[in-house]
Amino acid sequence: MASPQKTSEHGFFQGNSPGGISTASHSQGSFIMAQITIRLSLAIAFTLAAIPVMITAEEPISLFGMAISPSYKQSSAMKFLLGANATVCAFTVLSLLFVWPLRRSGSKHINYFLLHLHDMVMTLLLMSGCSAATAVGYLSQYGQPETYWSPICDIVKKFCHQILISTVLSYLAFFCYLALDILSVHKLLSRETE
């Protein structure tokens, strides 16, 4: 004869699902799987893809009899975005080592806070890199007549296209980290009620 399911005063987080599996451990498993999936499949993939696209962005042209070759190295904003992508990619790989131990239900509250802090720093780094690259990209595309900056993307279309692709990939990585931030905050708040 089956015994009735016991639930605690904390409701959802400590209750049992109809299959007899604790919803707290099910929630923990879902959190870890979401963390690993977003970090490994998306954040690392987007930053890793953005790096070679930025590095190979070159288009040699002849302008007024001079050979010039625009490159990401000529823009501090593009170098910053490249550095941000490389840093975020490396720290995302390292963060997987810290996510894995969280799968135990008895993980300390401070571990979740440190993970959230890491995610927030990576989000801000990506946001600042993407913002800087977007500003330079806008000037390259449309120029600024007031300061006599001419647009260059009509001359070096391939170069601008690659920079755009790298920036879009970086923005996608930013949104992945924004999702990780939201997940971490949700987990921190849900642990407060446990």
Side-chain angles (χ1 to χ4, degrees), residues 33-100 114-185:
M33 282 309 298
Q35 286 281 329
I36 290 172
T37 301
I38 294 173
R39 285 175 201 281
L40 192 60
S41 303
L42 299 173
I44 292 174
F46 289 138
T47 53
L48 206 54
I51 293 169
V53 172
M54 177 73 76
I55 290 173
T56 60
E58 263 186 282
E59 187 176 356
I61 59 164
S62 178
L63 192 63
F64 304 118
M66 296 187 311
I68 60 171
S69 182
S71 167
Y72 78 93
K73 295 174 188 171
Q74 297 164 344
S75 167
S76 56
M78 299 306 166
K79 287 192 281 188
F80 178 64
L81 180 60
L82 180 67
N85 278 321
T87 303
V88 169
C89 187
F91 275 94
T92 304
V93 170
L94 287 175
S95 73
L96 287 170
L97 300 173
F98 298 102
V99 169
W100 189 248
L114 291 174
L115 183 66
H116 170 64
L117 189 62
H118 167 270
D119 293 348
M120 190 172 61
V121 170
M122 296 300 109
T123 303
L124 292 173
L125 183 60
L126 280 170
M127 183 172 62
S128 59
C130 289
S131 299
T134 301
V136 171
Y138 182 86
L139 283 175
S140 299
Q141 181 69 37
Y142 301 107
Q144 190 174 31
E146 298 83 9
T147 57
Y148 304 104
W149 285 5
S150 300
I152 64 161
C153 284
D154 51 346
I155 301 167
V156 285
K157 291 179 182 172
K158 179 181 172 251
F159 171 75
C160 288
H161 185 67
Q162 276 191 257
I163 295 297
L164 175 65
I165 290 171
S166 182
T167 306
V168 167
L169 289 168
S170 301
Y171 269 111
L172 291 172
F174 161 75
F175 285 118
C176 290
Y177 260 100
L178 187 61
L180 288 168
D181 275 332
I182 293 167
L183 277 172
S184 297
V185 168

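Numbering starts at 1 and runs along the sequence shown.
- Separating the CG atom in L126 from the SG atom in C176 is a distance of 9.5 Å, to the nearest 0.5 Å.
- Residue M54 holds its CE atom at 5.0 Å from OG1 of T167, rounded to the nearest 0.5 Å.
- F98 has its side chain out of reach of L114: every pair of non-hydrogen atoms, C-beta onward, lies at least 4.5 Å apart.
- Residue pairs satisfying the salt bridge (charged side-chain N to carboxylate O under 4.0 Å, His left out) criterion with at least one member in residues 115-140, sequence neighbours excluded, are listed as follows: R39-D119.
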Side-chain donor/acceptor pairs under 3.5 Å, residues 72-83, sequence neighbours excluded:
| unit_1 | atom_1 | unit_2 | atom_2 | d |
| --- | --- | --- | --- | --- |
| Q74 | OE1 | S71 | N | 3.1 |
| Q74 | NE2 | S69 | O | 3.2 |
| S75 | OG | A77 | N | 3.4 |
| S75 | OG | M78 | N | 3.3 |

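- Here the CD atom belonging to Q141 is positioned 8.0 Å from the CG atom belonging to D154, to the nearest 0.5 angstrom.
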Practice task
Go through L115 and V99 one step at a time and tell me if the side-chain contact (heavy atoms from CB on, under 4.5 Å) criterion holds.
Solution key: CA-CA 8 Å; L115 183 66; V99 169; 3.8 Å; yes
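- Of all heavy-atom pairs between S95 and H118, the closest is CB-CE1, 3.5 Å.
- Contact between L178 and T123 at its shortest, heavy atoms only, is N-OG1, 4.0 Å.
- For the atom pair CD1 of I44 and CG of L96, the computed distance is 5.0 Å after rounding to the nearest 0.5 Å.
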Exercise for the section: Decide side-chain contact (heavy atoms from CB on, under 4.5 Å) for S166 and Q162; before the verdict, give the C-alpha distance in whole Å, the side-chain angles of both, and the deciding distance to 0.1 Å. Expected result: CA-CA 6 Å; S166 182; Q162 276 191 257; over 6 Å; no
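- Here the shortest heavy-atom pairing between M120 and D181 reads N-OD1, 3.1 Å.
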Practice task
May I have the step-by-step check of side-chain contact (heavy atoms from CB on, under 4.5 Å) for T87 and L125, ending in yes or no?
Solution key: CA-CA 9 Å; T87 303; L125 183 60; 3.8 Å; yes
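- Taking CG of L139 as the reference point, atom OG1 of T147 lies at 7.0 Å (rounded to 0.5 Å).
- Applying the salt bridge (charged side-chain N to carboxylate O under 4.0 Å, His left out) definition to pairs two or more places apart or across chains, none involves residues 157-169.
- For residues 125-148, no residue pair satisfies the salt bridge (charged side-chain N to carboxylate O under 4.0 Å, His left out) rule, not counting sequence neighbours.
- The aromatic rings of Y138 and Y142 are tilted relative to each other, their planes meeting at an angle between 30° and 60°.
- Residues passing the ring pair (Phe, Tyr, Trp, His ring centres under 6.0 Å) test with F175: none are found, sequence neighbours excluded.
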Exercise for the section: Under the side-chain contact (heavy atoms from CB on, under 4.5 Å) rule, what do V121 and F91 come out as? Steps first, then yes or no, please. Expected result: CA-CA 10 Å; V121 170; F91 275 94; over 6 Å; no
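- Distance check: F159 CZ to T56 OG1 gives 10.5 Å after rounding to the nearest 0.5 Å.
- C89 meets the disulfide bond (SG atoms under 2.5 Å apart) test with no other residue; sequence neighbours excluded.
- Smallest separation of non-hydrogen atoms from A43 and A173: O-CB, 4.3 Å.
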